[in-house]
Amino acid sequence: MYHYLGAAPTDAGRHAPLYVPEADFTAQLRHLSRSAIKTVSPQEYDAGLSLGALAKTAWLTFDDGRLDNYTIALPALLKAKQRATFFVIAQRALSAEPGYMNLAMLREAIDAGMSIGSHSLTHPRLARLTANELRREVFDSKARLEDALGVEVTSFCYPYGNFDAQVLELVNEAGYRLAVSTIRDNVNSGADRFRLKRVMVQPGRTGASFRYLFSSLYHWVHARKNRNRWKAKHRSAP
Ligand SMILES: [Zn+2]
């Protein structure tokens, strides 16, 4: 899980860890190539999930569809012959909001072998919406991106990683095949299809600290944290 590439602006505050320097990203792509880790499309990840065949596979995802994804990530990906999926906030892309990738940029990315997913229409916390608002965010973002780009949009990304059982069901009903969360882990199974766990790549992750993200130790640490979080949540429930 990436968000933005480049130096964090001075006013980034708590968002600073979301900015990965360009040099880190190119070093990470080099590591993937050298380690024969294959970067895949959502369709390939989906097939791998069904077959339980995701070893040496990475699905690179970028949340929010910001302009640096086009100016920095795309050329670096092409140079390294790797692929990624950009989860875009449909309304911002469709209205060519400054600072975000517009439709022409998204078409160029698709032509270059990248994939586009929906990160909702307006980036709200989905579990707080009314049924109608929720339907609009999940269904309309898919339909409008598909109309504008002429490709099927098969993956969804929950804004703020926020979802509940109703959100999850609607994402399924809308025809998405996969949905990504912000729950951390580097292992997913078919049962995780609509709450896929991800690895957050923070600035400074090169060399051994990047390799750690792919390790069984990383999986062990985070699976344990996720289990404890789940237990704590269910203990505090009335
Ligand atoms: Zn987001």
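Just so you know, ligand 1 is whichever comes first in the structure, and atom 1 is the first atom listed for that ligand.
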Quick check: closest heavy atoms across Asp185 and Ala223, and the distance to 0.1 Å?
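Scanning both residues, the minimum pair turns out to be OD2-CB, 4.1 Å.
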Excluding waters, how many protein N/O/S atoms sit closer than 2.8 Å to the Zn ion (ligand 1)?
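Of the protein's nitrogen, oxygen and sulfur atoms, 3 lie under 2.8 Å from the Zn ion (ligand 1).
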Could you label the plane-to-plane angle of the Phe25 and Phe62 rings as parallel, tilted or perpendicular, counting under 30° as parallel and over 60° as perpendicular?
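Perpendicular, since the angle between the ring planes exceeds 60°.
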In the single-linkage hydrophobic clustering (I, L, V, M, F, W, Y; side-chain heavy atoms under 4.5 Å), do Val167 and Ile89 co-cluster?
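In one cluster: no.
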Glu108: side-chain hydrogen bond (donor to acceptor under 3.5 Å, both in side chains) partners, not counting sequence neighbours
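Glu108 satisfies side-chain hydrogen bond (donor to acceptor under 3.5 Å, both in side chains) with Tyr70 once adjacent residues are dropped.
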Linking directly or through intermediates, with side-chain heavy atoms under 4.5 Å: list the remaining ILVMFWY members grouped with Val40, chain and number order.
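Noted: Val40 shares its cluster with Tyr45, Leu49, Leu54, Trp59, Phe87, Leu178, Val180, Leu196.
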Is Trp230 isolated, or which residues cluster with it under the ILVMFWY side-chain rule of less than 4.5 Å, directly or via members?
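None; Trp230 is a cluster of one.
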